[in-house]
Amino acid sequence: MKEPSKSNPLRKQPHLPSEKSRVPSHREFTSVEEMLRHDAALTSVPRTVQGRIEKSVTRGAKPGRSWWKKIFGGE
């Protein structure tokens, strides 16, 4: 029986990650704010959502009764 040679290109070599590419499996946060800030720094907002948010902010709040006043019958 013939043994596969070490230079065989079809033979898969195990991939060993370098020290720089290792990411910790978990991270503990001291507060919820810290966790949200960390997540916001790593997450990008899609352009369509960003555009809708900008339109909403520039348009401003509509005058009128608040949603909770409509539901609970406040003034």
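The ring pair (Phe, Tyr, Trp, His ring centres under 6.0 Å) analysis of residues 30-51, with sequence neighbours excluded, yields the pairs Phe29-His38. The side chain to side chain donor-acceptor pair (under 3.5 Å) analysis of residues 39-50, with sequence neighbours excluded, yields the pairs Asp39-Thr43.
Scanning for side chain to side chain contact (heavy atoms under 4.5 Å, CB included) contacts around Glu33 gives Ser31, Arg37, with sequence neighbours left out. Here Thr58 pairs with nothing under the side chain to side chain donor-acceptor pair (under 3.5 Å) rule; sequence neighbours left out. With sequence neighbours left out, Thr30 forms a side chain to side chain donor-acceptor pair (under 3.5 Å) with Glu34.
Using a 4.5 Å cut-off between side-chain heavy atoms of Ile, Leu, Val, Met, Phe, Trp and Tyr, Val57 falls into a hydrophobic cluster with Val45, Val49, Ile53.
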